[in-house]
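Only one structure is covered here, and it is reproduced in the block below.
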Amino acid sequence: MSAGAFVDGGKSGLPVEEADFVIVGSGAGGGAAARVLAASGARVVVLEEGPHMRAAELGVSEAASRNRLFRNQGKQAAFGRATTPFLQGRCVGGTTFVNSAIVWRLPDKVLDRWHAEFGLADGLPRAALERAAARIEEELSVRPVVEGETAGTSDLLLRDAAKKVGIEGRFIHRYDKGCRGSGRCLHGCPHEAKQSTAVTSLRRAVADGGFVVAGARVERLERRGGRVTAVRGFFAGDGPERGQRFRVAARRAVIVAGGCVQSSNLLWRSGVRAPHLGRHFMAHPGTAIMGLYPDRVDAWTGASQGYEVFGLRDTLGVKFETINVPPEVTAARLPGAGARFAKRLEELPHVANWAVALKADAEGRVRPSLLFGDYVRYDLTRGDLERLRRGIRTVAEMHFAAGAREVITGVSGLPETIRSPDELPLFDNAPLDPRAYSLVMTHLFGGCRAGRDASTSVVDPTLKVHGVDALYVMDASVFPTNTGVNPQHSIMSIATVAAERLA
Amino acid sequence: MTLAPFERRWAATIARALVPPGALAGAGIDLGQIDVGARYAEECAVSPWYAALAFRASLWLTWLAPLWMLGRLRTFTGVDGETRVVILERLLKHERYVLRMAALFLKLAICGMLLGDLPTLAQLGAYRLRKSA
């Protein structure tokens, strides 16, 4: 096999016009599938809409990173009673390039349900998933954040708080090789220490003869009879080829791994009309609760996310994590304007942000839209809001347990801040209205859910689209339920198992 | 979407009311030198149309707030500094969700423009960046 390459499609067009496998998307699913298929000797082309950013090109400001590395410049949202922003990477590496690289295997209970309710035992057997997960952990150098090395003060405070209130937690396990604790995981790692697919599986695929084409947006899939034979799109990156259209033929299959919103919409634009396509969109909405501490926290040093508290995951459906929200974003959530706000800004180094991530029961819907490109409809249930409220109260309680002198509630209808645990009961009466909270969604699932029954699912247990030959979906859109844990590892594991079957 | 020169001036005026130029001076940061108007226009230019529209709408809402919020035949520049701050505070806590979100969107954008610079982030002690002398 001749050597492959990373190619900038906007500058130099396509390196080949035909491949055994064409993979749409270079994130967790696309990267894992590319690695397996290229290693098997197949010719693989990965098409990524976003740019290929090298470490030296990365900026430090939140706005610069958002505008270059995130889909729609980080300005996309789900609509419902509230408008809830959600973030997706749009660059080589996809979201793995801009997340905190948190590792969780798919929980046993979740897989049990996928097997029992959705008939996925043959396609995604437990033993194969565990084997894939173990191999990925080894290849991507999984290790926990370490006190004295990559843990920040905020992480140590949350650890102490978890012990005091008696909820189980741990230092976060991450894909990390040589982290220097620069706190910029969410901007793209400046040292390539974070083991995103851009620096791991995609490089392996290229070494095995694969091509990764950046700046190549796939618009639709070409079908002949009942089989997908090619993809069509245009070059979105800068350069002389920008705007030019392309076609890549797939000899064996097309694998769609564009993320939850994009994968189902690509299928829809290509004429797939499964009854449940675009349905069962799920997420982990979350919000950060700020604690103000007497001493400096300097939350922007250390791993971007270093400690997690998961003892309430199976009961309340919430997980708490430290998160180094960029200073300029943290600043915007400090209360006030004018001189009062200026005084608050001086306290920035004393802020610790702890996130509440909710395993929401809500299910939304995804559709292409002439106005927005992608349209997502999503509304939390009353039960979700009740659990979110209890989660926020618990995090506030933990801030006080760790020594915070003040907690910023971040809930409309409640006082801006509380200064004592005696005020915690205020949260019990917080509005059960999503508009009262500043929520952001990061982990997205569904839209092309997997299942044995073609009338209630989009892909079969092998992740092949029901009724369409040579078309597979390998990303979190196939998850039939919400997992309750950070999804990257699960996505890579299922994509590995599904790709091994094709190899 | 392109902002008109007068809209750029509005953005700069609102930014000065939200974050007084002397804020963070104690940390060796000079926020007064940042051209918020130009950055606001730049953000509108690179954003999807709906986000750019939200940027522009939040600007107009705030600019005309003395009229619709206080019932005074004035714009944002036509009221004194203290009233400007009162307007921003009331918008940020407004009971109408869409108005509260518009104000938060504006605040988020302005904070990003003022605090997202490499020297500012370094002076704040972010990301292990080296501070200037």
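Within every chain, numbering begins at 1; the chains are lettered A, B, ... in the order of the sequence lines, protein sequences first and strands thereafter. Since we're looking at a predicted model, the values are computed, not measured.
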Per-residue tally against chain B (heavy atom, under 4.5 Å) across Gly336(A), Ala342(A), Ala331(A), Ala63(A) peaks at Gly336(A)
Is there side-chain contact between Tyr127(B) and Pro327(A), with at least one heavy-atom pair below 4.5 Å?
yes
Turns out that what part of Leu345(A) lies under 4.5 Å from chain B's heavy atoms comes down to both
Bottom line for Leu129(B): the part with an atom under 4.5 Å from chain A's heavy atoms is side chain
Query raised in the report: Side chains of Glu416(A) and Lys93(B): closer than 4.5 Å at any heavy-atom pair?
Result: yes
Checked Ala126(B), Ala51(B), Gly81(B), Ala109(B) vs chain A; the most non-hydrogen pairs under 4.5 Å come from Ala126(B)
May I ask you to check whether over 12 heavy atoms, not counting those of Arg74(B), lie within 6.0 Å of atom CZ? no
When the 4.5 angstrom heavy-atom criterion is applied to Ala299(A) and chain B, the contacting part is neither
Interface check, chain B: of Gly302(A), Ala332(A), Pro349(A), most non-hydrogen pairs under 4.5 Å belong to Ala332(A)
Whatever's closer than 4.5 Å to a heavy atom in chain B on Pro190(A) counts as neither
Whatever's closer than 4.5 Å to a heavy atom in chain A on Leu124(B) counts as both
Highest number of heavy-atom pairs under 4.5 Å with chain B among Ala337(A), Gly183(A), Ser61(A) belongs to Ala337(A)
Counting only heavy atoms from other residues, nucleotides and ligands, does the tally under 6.0 Å from CZ of Arg81(A) exceed 12? yes
So, the part of Ser412(A) with a heavy atom under 4.5 Å from chain B: the answer is side chain
Cut-off 4.5 Å, heavy atoms of chain A, and the answer for Arg100(B) is side chain
Assert top hit (heavy-atom pairs under 4.5 Å, partner chain A, pool Leu18(B), Leu118(B), Leu115(B)) equals Leu18(B)
So, the part of Leu91(B) with a heavy atom under 4.5 Å from chain A: the answer is neither
Between Arg128(B) (side chain only) and Arg180(A) (backbone N and O only), is there a donor and an acceptor less than 3.5 Å apart? yes
Item to complete: Could you tell me whether a side-chain N or O of Lys107(B) sits under 3.5 Å from a main-chain N or O of Leu334(A), the two making a donor and an acceptor?
Response: yes
Between the CZ atom in Arg333(A) and the CG atom in Leu108(B), the distance rounded to the nearest 0.5 Å is 10.0 Å
Applying a strict 4.5 Å limit to non-hydrogen atoms, the region of Ala64(A) in contact with chain B is neither
Cut-off 4.5 Å, heavy atoms of chain A, and the answer for Ala17(B) is backbone
Answer key: most heavy-atom pairs under 4.5 Å with chain A among Leu92(B), Leu121(B), Leu31(B) is Leu121(B)
If you tally heavy-atom pairs under 4.5 Å between each of Gly22(B), Ala27(B), Pro20(B), Ala54(B) and chain A, the highest tally belongs to Pro20(B)
Correct closest heavy-atom pair for Gln73(A) and Pro48(B) would be OE1-CD, 3.0 Å
Looking only at Arg340(A), Glu62(A), Lys343(A), the option with the highest number of non-hydrogen pairs under 4.5 Å against chain B is Arg340(A)
- Under the side-chain contact (heavy atoms from CB on, under 4.5 Å) rule, what do Tyr97(B) and Thr83(A) come out as? Steps first, then yes or no, please. CA-CA 10 Å; Tyr97(B) 174 68; Thr83(A) 302; 3.9 Å; yes
**Study point:** Greater than 12 external heavy atoms within 6.0 Å of Glu57(A)'s CD
**Key:** yes
Contacts satisfying side-chain hydrogen bond (donor to acceptor under 3.5 Å, both in side chains) that involve residues 45-58 of chain B (not counting sequence neighbours) are Asn72(A)-Tyr50(B), Lys75(A)-Ser47(B), Glu7(B)-Arg56(B), Tyr40(B)-Ser58(B)
Looking only at Val98(B), Leu88(B), Val19(B), Leu24(B), most heavy-atom pairs under 4.5 Å shared with chain A are made by Leu24(B)
